[in-house]
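For reference, the structure is listed below as structure tokens.
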Amino acid sequence: MHDIRFIRENPAAFDAGLARRGLAPTSALLLEKDEAARAAIRQSEELQARSNAAAKAIGAAMGKGEKDEAERLKAEVSGIKAELPGLEAKAKELGAEVRDLLAALPNLPVDDVPLGEDETGNVFVSAVGEKRDFSFEPLEHDRLDSALGLDFETAANVAGARFAYLRGGVAKLNRALGQFMLDLHTREFGYEEITPPLMVRDEAVFGTGQLPKFAEDLFRTTDGRWLIPTAEVSLTNMVREKILSEGELPLRLTALTQCFRSEAGSAGRDTRGFIRQHQFEKVELVSITTPDTSDAEHERMTQAAETVLNRLGLHFRRMLLCSGDMGFTARKTYDLEVWLPGQKAYREISSCSNCGDFQARRMNTRFRPEGEKSTRFVHTLNGSGLAVGRTLVAVLENYQQADGSIAVPEVLQPYIGGLTRIHG
RNA sequence: GGAGAGGUGGCUGAGUGGUCGAAAGCACCGCACUCGAAAUGCGGCGUACGGGCAACUGUACCGAGGGUUCGAAUCCCUCCCUCUCCGCCA
């Protein structure tokens with residue numbers, strides 16, 4: 001959600017930001033509506049003020065027993081009130097129009113975000129590790145021996161497309177990955193471990209920006225709630241409508257949850273394999289910070305996610321997303337892409353975004369700077385640390401052996417009783 | 001799911017449909033007293049959005065949204081949340 005006052009004062013800068021997102025200028029329309037809305041509000045408030053004053057005078061007159069005067073005033077107020085509902089309705093409607101327009105506009109990219117239309121415009125930042133040398137042709141994860149425990153056929157029977165059963169060794173490996181990530185973030189990066197709700201209300205989903213524009217990407221429950229598409233929703237909304245003290249910040253929260261996505265717009269994409277599922281596990285990182293510290297926190301968070309890949313010995317690169325490829329709420333995003341030797345491609349495994357005060361405005365989350373009376377909006381950040389399912393894919397493809405087994409990365413072995421190999 | 005009781009400022013807690021944005025206490029801030037502190041006294045002390053160079057001023061807000069009324073914290077309706085009892089349940 002944008003600050004209409006900023007747009008009033010910097011309409012050109014605002015439109016320039018939208019242009020970098022590939023969007024048409026909107027400030028003129030917004031300001032026109034805003035001006036009309038404020039005029040209508042002013043009118044209705046002035047009328048209301050007159051009516052309030054007269055109503056008070058009625059009370060005073062009745063107190064003094066001046067019945068006639070009271071009756072005269074009543075008539076006057078009635079006259080005023082005849083006009084009021086129309087004016088109020090108009091003010092409300094115009095105000096709602098402005099809000100709806102604002103709610104549908106994405107965050108603006110910050111200056112160092114490269115200009116671009118789609119993922120081809122993303123900029124390489126850095127890489128860690130190297131592609132492993134195979135003495136054989138590595139298989140894609142879904143072509144590995146099915147006895148390892150990755151079972152799409154049964155899932156298709158029971159649940160439909162884009163679901164999977166993990167069985168035996170692969171299920172253990174998956175569990176180990178999630179545990180390992182949580183332990184790393186809580187022990188070494190100071191995140192608080194949270195077990196959050198997986199179903200949330202409209203307001204929460206609006207707060208983090210999935211509503212109103214992206215409802216078709218979500219699953220809705222029969223009682224009107226939403227299954228979370230990411231723990232970002234439940235974690236970030238923990239501070240909705242709160243005024244925090246500066247001393248509480250930064251707030252660092254992490255959770256391992258299932259995520260649910262309808263994948264409505266991605267028919268035909270990644271239909272094979274475990275990359276794109278309706279239900280998947282992810283370890284989410286969320287930070288709530290002051291405006292001054294969010295850039296540094298963004299780097300820190302991205303490093304926390306990178307550390308997971310590092311410890312797992314997986315080769316990856318960090319990309320800075322271009323303006324056209326960023327998500328709705330982000331003002332700057334790093335993607336981490338892991339190398340998949342079977343697919344012979346880098347695939348997104350984490351996305352770390354600084355949302356600035358964009359979500360904070362939608363949630364009305366503020367903090368009181370030390371020693372100040374007034375409040376300011378916090379900054380919010382979120383990142384995957386990491387997508388567990390995709391990390392499983394990366395481990396399977398990178399750690400496959402010539403005999404069809406999977407070597408267990410050293411850091412995971414303690415989580416599964418010292419097991420070093422998974423066999424079919 | 002059924003029956004009942006509630007939701008008032010940072011906290012506790014009054015409030016008969018009419019000078020209620022709301023008593024009182026606590027907390028907090030300023031001043032006085034004090035060498036200093038405590039205690040005491042006096043004063044201040046909500047948020048949002050408008051208007052105004054400013055002093056200041058208007059509107060809204062007593063869980064949320066509607067309604068009744070000249071006027072609603074107070075009456076009515078719907079919803080949300082909390083608590084108690086009953087039922088069901090991992």
Side-chain angles (χ1 to χ4, degrees), chain A residues 1-9 30-103 195-207 211-212 220-226 234 237-249 258 357 360-378:
Chain A
M1 185 76 91
H2 291 286
D3 182 3
I4 188 70
R5 280 171 300 190
F6 173 84
I7 302 171
R8 267 179 224 150
E9 282 157 32
L30 273 170
L31 293 181
E32 185 196 317
K33 297 258 185 211
D34 174 53
E35 189 46 56
R38 281 194 295 159
I41 288 168
R42 219 173 300 140
Q43 272 184 22
S44 102
E45 283 188 354
E46 276 165 18
L47 206 59
Q48 186 70 56
R50 282 203 280 144
S51 146
N52 283 349
K56 267 192 180 176
I58 294 173
M62 304 236 301
K64 281 185 268 175
E66 297 166 357
K67 271 224 149 172
D68 294 349
E69 175 66 1
E71 285 307 318
R72 194 188 63 74
L73 285 164
K74 274 193 195 184
E76 186 185 327
V77 176
S78 293
I80 295 173
K81 296 297 269 201
E83 285 180 69
L84 202 51
L87 276 173
E88 276 180 338
K90 189 176 159 204
K92 214 171 171 179
E93 189 185 321
L94 288 166
E97 278 181 40
V98 173
R99 259 201 320 285
D100 290 350
L101 278 172
L102 284 175
T195 302
L198 304 185
M199 294 184 230
V200 297
R201 277 197 230 275
D202 291 354
E203 300 92 284
V205 189
F206 177 86
L211 286 184
R220 187 134 210 222
T221 65
T222 53
D223 67 350
R225 287 173 233 271
W226 304 89
S234 353
N237 276 287
M238 284 173 75
V239 296
R240 69 175 292 105
E241 278 158 35
K242 283 196 176 168
I243 298 176
L244 306 161
S245 67
E246 186 169 1
E248 293 176 72
L249 303 175
Q258 297 289 350
D357 62 8
R361 285 180 190 285
R362 297 170 85 97
M363 298 188 299
N364 198 19
T365 303
R366 292 158 295 164
F367 77 104
R368 209 180 296 280
E370 212 71 63
E372 276 186 38
K373 273 198 76 173
S374 61
T375 58
R376 296 187 61 187
F377 287 109
V378 299

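Below, chain A is the first sequence line, B the second, and so on; all start at residue 1.
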Just jot down the side-chain contact (heavy atoms from CB on, under 4.5 Å) partners of [X], sequence neighbours excluded, or say none.
X       : value
E248(A) : L244(A), S245(A)
D100(A) : none
A204(A) : V200(A), V233(A), N237(A)

Using atom [atom1] in both nucleotides, what's the gap between [N] and [M] to the nearest angstrom?
N       : M       : atom1 : result
rC61(B) : rG21(B) : C1'   : 9 Å
rG58(B) : rG65(B) : P     : 23 Å
rG10(B) : rG44(B) : C1'   : 16 Å
rU12(B) : rA22(B) : C1'   : 16 Å
rG87(B) : rC80(B) : C1'   : 23 Å
rG6(B)  : rC77(B) : P     : 15 Å
rA73(B) : rU8(B)  : P     : 16 Å
rC33(B) : rG25(B) : P     : 24 Å

Sugar-phosphate atoms are those with a prime plus P, OP1 and OP2; base atoms are the rest. Using that split, label each nucleotide of nucleotides 66-80 of chain B B, S or - for protein heavy atoms under 4.0 Å, 5' to 3'.
-> S---BS--------S
Keeping to residues at least two apart or across chains, list the salt bridge (Lys or Arg N to Asp or Glu O under 4.0 Å) pairs with something in residues 39-60 of chain A.
-> E35(A)-R42(A)
Between W226(A) and L211(A), does a side chain to side chain contact (heavy atoms under 4.5 Å, CB included) hold up when you go through it step by step?
-> CA-CA 10 Å; W226(A) 304 89; L211(A) 286 184; 3.9 Å; yes
Got a donor-acceptor contact below 3.5 angstrom from the R362(A) side chain to the A103(A) backbone?
->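 Present.
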Is T365(A) reaching over with its side chain to a backbone N or O of V239(A), donor-acceptor style, under 3.5 angstrom?
-> yes
Between A57(A) and L73(A), the two heavy atoms sitting closest are CB-CD1, 3.7 Å
Check the pair M1(A), F206(A) against side chain to side chain contact (heavy atoms under 4.5 Å, CB included), reporting the backbone distance first and the verdict last.
-> CA-CA 10 Å; M1(A) 185 76 91; F206(A) 177 86; 3.8 Å; yes
Expressed as a whole number of angstroms, how long is the span from [X]:[atom1] to [N]:[atom2]?
X       : N       : atom1 : atom2 : result
I243(A) : rC11(B) : CD1   : P     : 11 Å
E203(A) : rG63(B) : CD    : P     : 18 Å
D202(A) : rC81(B) : CG    : P     : 13 Å
R99(A)  : rC49(B) : CZ    : C1'   : 12 Å
R368(A) : rG10(B) : CZ    : C1'   : 9 Å

What would the secondary structure line of RNA chain B be in dot-bracket form, counting Watson-Crick and G-U wobble pairs under 3.5 Å, with [ ] for pairs that cross earlier ones and | for pairs with another strand?
-> ((((((((.[[[..)..(.....]]].(((((.......))))).((((((....)))))).[[[[[..)....]]]]])))))))....
For [X], all residues meeting salt bridge (charged side-chain N to carboxylate O under 4.0 Å, His left out), sequence neighbours excluded:
X       : answer
R225(A) : D223(A)
R8(A)   : D34(A)
D202(A) : R220(A)

Choose from rU59(B), rG21(B), rC49(B) the nucleotide whose nearest atom is closest to any side-chain atom of R5(A).
->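 Closest nucleotide among those given: rC49(B).
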Check every strand shown and say whether R8(A) touches a base, only sugar-phosphate, or nothing at a heavy-atom separation below 4.0 Å.
->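 Sugar-phosphate only.
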Report, one line per pair, each donor and acceptor closer than 3.5 Å where one atom sits in a side chain of residues 87-97 of chain A; sequence neighbours left out.
residue, atom, partner, partner atom, Å
E97(A), OE1, K33(A), NZ, 2.5

Q48(A) vs rG58(B): side-chain N/O to OP1/OP2 distance below 4.0 Å | no
Kindly say if T375(A) contacts the phosphate of rA48(B), meaning a side-chain N or O under 4.0 Å from OP1 or OP2.
->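 Yes, because at least one side-chain N or O of T375(A) sits under 4.0 Å from OP1 or OP2 of rA48(B).
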Specify the residue among K56(A) and R50(A) whose closest nucleotide of RNA chain B lies further upstream toward the 5′ end.
-> K56(A)
Interatomic distance, D3(A) atom CG to R361(A) atom CZ [nearest 0.5 angstrom] =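 Output value for this atom pair is 4.0 Å.
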Between the protein and nucleotides 88-90 of chain B, which nitrogen or oxygen pairs come in under 3.5 angstrom?
none

Within residues 37-47 of chain A, find the residues that approach RNA chain B with a heavy atom at under 4.0 Å, and present them sorted by residue number.
-> R38(A), R42(A), E45(A)
Output, in order, the C-alpha distance, side-chain angles, deciding distance and verdict of side chain to side chain contact (heavy atoms under 4.5 Å, CB included) for I7(A) and L102(A).
-> CA-CA 10 Å; I7(A) 302 171; L102(A) 284 175; 3.7 Å; yes
